[in-house]
Number of protein chains: 2
Amino acid sequence: MMRMSEQGSTPGRATIRDVAREAGVSVTTVSHVLNGKGTASEATRRRVLAVADRLAYRAHPMARGLRRGRTGVLGLDMRPLDAIGSYLPAGVDYFMRFAGAAAVTALDHGLGLMLVPDPTRSDITQFAHGVDGYVIGDPVRDDPVLTRLLDAGVPVVSVGRDPGRPDFTDWVGPDDTYETQRVLDLLRSRGAERVALLAGTDDNAWNVDSERAYRSWARRHDMPTRVLHIPEADGEDGGRDAARRFLAGKRPRPDAIYCQTGRHAAGVLDEARRLGFSVPRDLLIATGSDAQQTRHSVPAITALDLVPEDSGKAAVELLIARLNGETAPGPIILPAKLWMRASTGDA
Amino acid sequence: MMRMSEQGSTPGRATIRDVAREAGVSVTTVSHVLNGKGTASEATRRRVLAVADRLAYRAHPMARGLRRGRTGVLGLDMRPLDAIGSYLPAGVDYFMRFAGAAAVTALDHGLGLMLVPDPTRSDITQFAHGVDGYVIGDPVRDDPVLTRLLDAGVPVVSVGRDPGRPDFTDWVGPDDTYETQRVLDLLRSRGAERVALLAGTDDNAWNVDSERAYRSWARRHDMPTRVLHIPEADGEDGGRDAARRFLAGKRPRPDAIYCQTGRHAAGVLDEARRLGFSVPRDLLIATGSDAQQTRHSVPAITALDLVPEDSGKAAVELLIARLNGETAPGPIILPAKLWMRASTGDA
DNA sequence: ACCTTTTACTAAAACGTTTTGTCATGTATG
DNA sequence: CATACATGACAAAACGTTTTAGTAAAAGGT
């Protein structure tokens with residue numbers, strides 16, 4: 001018959017006091033054994049572990065968090081949910097893969113991951129005591145959430161850099177310049193001589209760096225440039241609109257279109273075909289962000305896969321390193337994958 | 001110059017002791033004023049509120065959680081992440097809408113929502129102290145996670161019922177019988193005389209009830225039945241396979257196919273068209289779960305929208321009611337929306 | 001033999017908040 | 001006048017764990 005703590009308000013759960021009593025040692029010794037601190041004889045250590053196991057003892061995270069000053073929970077900034085599929089360039093697919101990997105990585109380090117909805121609805125520092133740090137995605141220039149967290153002294157890691165904050169190096173993500181030019185090189189190798197860019201309008205580093213990469217690449221290859229800025233939120237409709245303007249206007253039409261977002265690319269493809277263009281024969285299409293839409297369109301669209309699983313994992317690991325006081329180097333540059341598909345004449 | 005607590009390990013944050021000192025009252029009085037308990041004179045109350053506001057005081061959730069025995073965090077069971085897009089019948093779209101609404105609802109009640117990844121990877125009760133209760137989705141018959149949580153005495157609400165546990169009424173969700181027959185009625189009103197069912201293989205109430213509804217509906221209308229069970233995880237490929245078996249076999253072909261999952265429906269549509277069937281002229285298609293694939297296919301597929309936002313909200317609210325000791329009635333039946341689209345001849 | 005260091009262990013404080021228990025005073029009622 | 005109740009307030013305990021500070025004994029070095 002198991003004798004539980006006779007004090008307290010948590011019926012049925014063993015406390016460290018119960019373990020100490022049954023093992024015949026102090027609570028300090030139990031804590032030391034379970035946390036690998038202090039010293040304990042081998043016999044004592046074994047006895048404590050056996051009792052803890054038998055009582056199914058588990059430290060109470062509230063108590064532990066209070067004493068340690070750490071909660072064991074990381075916050076994941078979940079941008080405006082009423083705009084699902086719009087804010088996130090690659091749609092919900094990307095975010096789920098990212099969040100999933102982040103949650104699993106956190107768990108592997110014994111941490112929980114809390115969803116923090118729409119920071120514009122509440123003061124994100126409201127949870128500042130409840131989480132050890134935050135992961136936020138794609139900061140815009142002088143990102144207000146990032147600013148607030150940094151001002152509050154909250155550890156934070158972002159996916160992608162803040163273009164207005166070059167001194168902030170705690171971020172993970174791809175080298176957008178390199179990856180963008182990699183796709184452009186592919187388009188050129190497939191015969192493209194007039195590549196147009198369909199960019200987004202968010203003032204984040206991804207957009208900024210990709211456009212800059214496009215322009216310098218075009219200069220280097222003596223190619224004319226043509227850029228349209230369409231809000232990410234316009235999705236496939238935005239892509240259709242862009243296709244009409246690129247392909248049906250007076251100006252020389254491009255023979256390839258590089259779209260920042262997968263949803264724009266799907267719309268471009270849809271409209272180009274409607275206008276009678278054969279893809280990839282008449283027009284090549286590629287995108288900087290793989291998504292369901294680009295994988296399942298006909299023809300499937302060549303895309304950069306930003307591998308959100310890697311971003312999620314790396315972001316959590318960097319944040320944990322920061323929390324442990326490690327001076328791990330940032331930023332952490334992650335490679336993207338280039339999926340060559342039928343839209344560029346690839347199998 | 002603000003004088004902060006001179007004890008403690010949380011630099012820069014006001015504690016309740018600081019507020020008490022500056023307001024010239026005890027910490028008990030501050031706690032009572034801020035939590036609406038005990039008694040305090042109007043003058044004292046005003047003074048305390050003013051000081052707390054000036055010091056930007058916020059209760060430390062660890063300390064509060066420890067003393068109250070409640071953490072202010074709800075857990076959201078996030079099923080196998082390595083199967084994103086497969087476990088969830090409607091794919092990631094559904095889950096994000098659900099999780100988003102749940103997180104926002106929790107926040108509206110001052111609570112956080114924690115993602116608990118893949119219960120098969122860890123003991124879900126690991127977090128039992130760290131959360132006040134759980135929301136889990138689509139329990140299978142005698143669901144192991146539900147069982148474990150109930151055994152551990154953890155408050156839990158599920159979306160959909162456990163078909164093996166009729167006594168468990170803390171669930172929210174649609175009336176699958178009614179909603180299924182509603183779609184079937186639509187198919188019949190569009191001239192269908194031979195409706196086939198493409199069901200999933202998960203032994204959850206959604207599948208069980210929908211198939212039962214289909215069979216009784218067909219009996220009532222003197223219609224022949226034809227059912228295929230294809231794993232949800234097969235997605236569009238599973239739908240394509242099913243279409244071949246329904247439409248190209250020796251048996252009388254159906255003139256309508258009701259698919260449980262949107263991804264199956266998209267696959268059925270794809271293959272039916274490849275086989276030369278015109279939708280909706282030769283064949284009607286509908287699904288019990290709206291998704292991106294059903295909204296964006298050509299023609300768009302008539303679908304039941306389970307409105308995951310409503311489920312997420314209702315689940316969190318029911319869980320909160322339970323935590324507050326309220327005997328709110330369960331289950332909470334939520335209506336679905338029927339989106340009539342081109343696949344059934346609707347605009 | 002003596003001094004220093006290490007091992008093994010303990011009691012108490014600390015973390016920040018909420019709840020419990022108590023006291024003094026004033027008011028209403030029988 | 002005596003009693004009961006309400007108001008306003010306070011000190012201390014409670015929640016469960018980790019860390020701090022300390023001691024006795026054993027081990028190692030000179």
Side-chain angles (χ1 to χ4, degrees), chain A residues 4-48 51-52 55-72 110 128-130 132, chain B residues 4-48 51-52 55-72 110 128-130 132:
Chain A
M4 306 310 300
S5 173
E6 288 171 359
Q7 282 181 309
S9 61
T10 315
R13 288 207 68 111
T15 68
I16 199 167
R17 284 201 197 91
D18 302 314
V19 178
R21 184 165 45 236
E22 295 223 14
V25 295
S26 69
V27 295
T28 309
T29 300
V30 174
S31 183
H32 286 169
V33 168
L34 295 182
N35 292 299
K37 300 197 172 175
T39 56
S41 68
E42 188 58 27
T44 299
R45 199 182 70 84
R46 281 227 200 81
R47 194 167 69 248
V48 168
V51 171
L55 298 188
Y57 168 73
R58 230 170 325 250
H60 191 308
M62 299 291 99
R64 174 185 271 183
L66 177 62
R67 185 62 187 84
R68 277 185 176 175
R70 292 227 335 225
T71 67
H129 272 312
D132 294 330
Chain B
M4 306 310 299
S5 173
E6 287 168 0
Q7 283 182 308
S9 60
T10 315
R13 288 207 69 110
T15 69
I16 199 166
R17 285 201 197 93
D18 303 315
V19 178
R21 184 162 47 235
E22 295 224 14
V25 295
S26 70
V27 294
T28 310
T29 302
V30 175
S31 184
H32 286 167
V33 169
L34 295 181
N35 292 299
K37 301 195 172 177
T39 56
S41 69
E42 188 58 29
T44 298
R45 198 182 71 86
R46 282 227 200 82
R47 195 167 68 247
V48 167
V51 170
L55 298 188
Y57 168 73
R58 234 176 314 258
H60 193 306
M62 299 292 100
R64 173 184 274 183
L66 177 60
R67 183 62 185 85
R68 275 186 178 175
R70 288 214 356 211
T71 67
H129 271 313
D132 294 331

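Not measured: the values here are computed from a predicted model. Below, all heavy atoms of this structure are taken into account, side chains as well, without hydrogens, waters or symmetry copies. By convention in this document, chain letters (A, B, ...) are assigned in the order of the sequence lines, proteins followed by strands, and residues within each chain are numbered from 1.
- Side-chain atoms of A:Arg67 stay outside donor-acceptor range of the base of D:dT17, with no qualifying N/O pair under 3.5 Å.
- One atom, CZ of B:Arg45, and another, P of D:dT7, lie 15 Å apart when rounded to the nearest Å.
- With hydrogens and angles left out, the side-chain atoms of A:Thr44 and A:Ser41 include a donor and acceptor closer than 3.5 Å.
- Here the P atom of nucleotide D:dT19 and the CZ atom of A:Arg70 are 11 Å apart, to the nearest Å.
- Not counting sequence neighbours, the partners of A:Arg70 by the side chain to side chain donor-acceptor pair (under 3.5 Å) test are A:Asn324.
- Atoms CG (A:Leu55) and P (D:dT17) sit 12 Å apart, rounded to a whole Å.
- Between B:Tyr57 and the phosphate of C:dG16, there is no side-chain N or O to OP1/OP2 separation shorter than 4.0 Å.
- When the P atom of D:dG8 is taken as reference, atom CZ of B:Arg47 falls 13 Å away, rounded to whole Å.
- Contact annotation: A:Arg64 reaches the phosphate of D:dT18 (side-chain N/O to OP1 or OP2, under 4.0 Å).
- Between A:Arg68 atom CZ and D:dC15 atom P the separation is 22 Å, expressed in whole Å.
- Residue B:Arg58 contributes atom CZ, which lies 21 Å from atom P of C:dC15 at whole-angstrom precision.
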List, with names and distances, any nitrogen or oxygen atoms from the protein found under 3.5 Å away from nitrogen or oxygen atoms belonging to nucleotides 23-28 of chain D.
none

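- Taking 4.5 Å as the limit, every side-chain heavy atom of A:His60 sits out of range of all side-chain heavy atoms of A:Arg13.
- In the region residues 28-42 of chain A, proximity to DNA chain D at under 4.0 angstrom, judged on heavy atoms, holds for A:Thr28, A:Ser31, A:His32, A:Asn35, A:Lys37.
- No side-chain heavy atom of A:Arg45 sits less than 4.5 Å from a side-chain heavy atom of A:Thr29.
- Distance NZ/B:Lys37 to NE2/B:His32: 8.0 Å, rounded to 0.5 Å.
- To the nearest angstrom, C1' of D:dT18 lies 12 Å from CG of B:Leu66.
- Atom-to-atom, CE of A:Met62 to C1' of C:dT18 comes out at 15 Å; the value is rounded to the nearest Å.
- Between B:Tyr57 and B:Asp18, the closest side-chain pair of non-hydrogen atoms is not below 4.5 Å.
- A:Ala59 approaches A:Arg64 most closely through the heavy-atom pair CB-NH2, 3.6 Å.
- Picking from C:dT17, C:dT10, D:dT18 the nucleotide with the shortest atom distance to the side chain of A:Val25 gives C:dT10.
- No side-chain heavy atom of B:Ile16 sits less than 4.5 Å from a side-chain heavy atom of B:Arg21.
- For D:dA9, one of the phosphate oxygens OP1 or OP2 lies less than 4.0 angstrom from a side-chain nitrogen or oxygen of B:Thr44.
- The only option from A:Val51, A:Val48, A:Thr39 that meets the side chain to side chain contact (heavy atoms under 4.5 Å, CB included) definition with A:Val33 turns out to be A:Val48.
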